[in-house]
Chemist: 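Below: one structure in structure tokens.
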Amino acid sequence: MTKRSWASSAQVRRSMQANQWRDTKPELAIRRVVYASGLRYRVDARPLKELNRRADLVFLGAKVAVFVDGCFWHGCPQHYTVAIANAEFWAEKVRRNRERDIETNEALVAAGWVVIRVWEHEDPNAAAGQVAETVRGRSRSASRRGAPLTAPCSNRPRSVELPL
């Protein structure tokens with residue numbers, strides 16, 4: 001490895017470390033509204049112990065996992081921009097993130113969870129409303145009334161092509 005390529009990869013590592021992975025502004029905005037609506041949740045927790053993936057908000061009793069996805073990191077169809085520096089690395093990184101999102105959704109749905117994915121640019125009030133409605137619909141009282149405990153994953157389509 002040349003000194004130049006090593007410096008480049010070190011810069012990439014530093015830039016990735018500088019990004020917040022929890023308590024981002026969009027996540028905090030959604031959490032504030034959900035909390036104000038009277039719901040309680042776990043933050044940055046594993047919905048399934050055997051799955052090494054963490055959701056931004058986890059409602060254990062209702063089995064609802066909420067992910068607030070960043071537009072760049074998860075390839076938002078509206079806001080994703082191709083990186084200029086190290087384009088191949090970043091395209092592969094985002095592609096793998098999207099694959100991991102799909103794998104996570106499938107594993108959680110198979111275990112009886114509802115997955116809600118929210119883009120960081122979405123309205124926090126609307127997103128929190130969707131979360132609250134879903135959690136309340138899956139509460140223990142709803143399950144006692146015979147309501148189904150499983151629902152389809154509310155994931156957005158992830159079929160946006162990324163240029164390499």
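Note that the coordinates shown come from a computational prediction; the quantities given were computed from them, not determined experimentally.
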Chemist: Would you say Leu108 and Lys63 make side-chain contact, with heavy atoms under 4.5 Å?
Modeler: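 Leu108 does not reach Lys63 side chain to side chain.
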Chemist: Minimum heavy-atom separation for Val118 and Ala127, please, with both atom names.
Modeler: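 Nearest pair, atom of Val118 first, then Ala127: CG1-CB, 3.7 Å.
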Chemist: Taking the side chain as every heavy atom from C-beta outward, state whether Arg53 and Leu48 have any atom pair closer than 4.5 Å.
Modeler: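 No, their side chains stay 4.5 Å or more apart.
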Chemist: Kindly write out the residues that satisfy side-chain hydrogen bond (donor to acceptor under 3.5 Å, both in side chains) with His121, not counting sequence neighbours, or none if the list is empty.
Modeler: Gln78, His79
Chemist: Do Glu27 and Val43 come within less than 4.5 Å of each other through their side chains, counting heavy atoms only?
Modeler: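 When only atoms from C-beta onward are counted, Val43 and Glu27 do touch, with a gap below 4.5 Å.
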Chemist: Mind checking the CD-CG spacing from Glu92 to Asn97? Nearest 0.5 Å is all I need.
Modeler: 10.0 Å
Chemist: As an exercise, state the distance from CD1 of Ile116 to OG1 of Thr134, rounded to the nearest 0.5 Å.
Modeler: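 If we round to the nearest 0.5 Å, Ile116:CD1 and Thr134:OG1 are 3.5 Å apart.
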Chemist: I want to check something: taking the side chain as every heavy atom from C-beta on, are Thr24 and Glu120 in contact at a cut-off of under 4.5 Å?
Modeler: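 With C-beta onward as the side chain, the pair stays apart.
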Chemist: Looking only at non-hydrogen atoms, find the nearest pair between Ile30 and Ala128 and report the distance.
Modeler: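 It is O-CB, 4.1 Å.
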Chemist: Should the pair Tyr41 and Tyr35 be assigned to parallel (<30°), tilted (30 to 60°) or perpendicular (>60°) ring geometry?
Modeler: perpendicular
Chemist: State the CH2-CG distance between Trp113 and Leu60, to the nearest 0.5 angstrom.
Modeler: 5.0 Å
Chemist: Find the distance between CZ (Arg95) and NE2 (His74) and round it off to the nearest 0.5 Å.
Modeler: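 Reported value, rounded in 0.5 Å steps: 14.5 Å.
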Chemist: Take Val68 and Glu122, measure what side-chain contact (heavy atoms from CB on, under 4.5 Å) needs, and give me the verdict at the end.
Modeler: CA-CA 9 Å; Val68 182; Glu122 290 183 38; over 6 Å; no
Chemist: Side chains of Asn86 and Lys93, heavy atoms from C-beta outward: is any pair under 4.5 Å?
Modeler: no
Chemist: Are Asp56 and Val66 side-chain neighbours, meaning at least one heavy-atom pair lies under 4.5 Å?
Modeler: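 The answer is no, as the side chains (C-beta and beyond) never meet within the 4.5 Å cut-off.
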Chemist: Just verifying a value: how many Å separate Arg54 CZ and Phe67 CZ, rounded to the nearest 0.5 Å?
Modeler: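 These two atoms lie 11.0 Å from each other.
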Chemist: What pairs with Arg40 under salt bridge (charged side-chain N to carboxylate O under 4.0 Å, His left out), at least two apart in sequence or on another chain?
Modeler: none
Chemist: Taking side-chain hydrogen bond (donor to acceptor under 3.5 Å, both in side chains) as the definition, give me every residue that meets it alongside Glu50, ordered by chain and number, with sequence neighbours left out.
Modeler: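 Once residues adjacent in sequence are excluded, Glu50 has no partner under the side-chain hydrogen bond (donor to acceptor under 3.5 Å, both in side chains) criterion.
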Chemist: Tell me whether Val135 shares a hydrophobic cluster with Val33, the cluster being built from Ile, Leu, Val, Met, Phe, Trp, Tyr side chains joined at under 4.5 Å.
Modeler: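 Different clusters.
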Chemist: Report the distance from atom CD of Glu103 to atom CD of Glu99, rounding to the nearest 0.5 Å.
Modeler: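 If I round to the nearest 0.5 Å, the distance is 6.5 Å.
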Chemist: Can you find a heavy atom in the side chain of Trp90 that is under 4.5 Å from one in the side chain of Val82?
Modeler: no
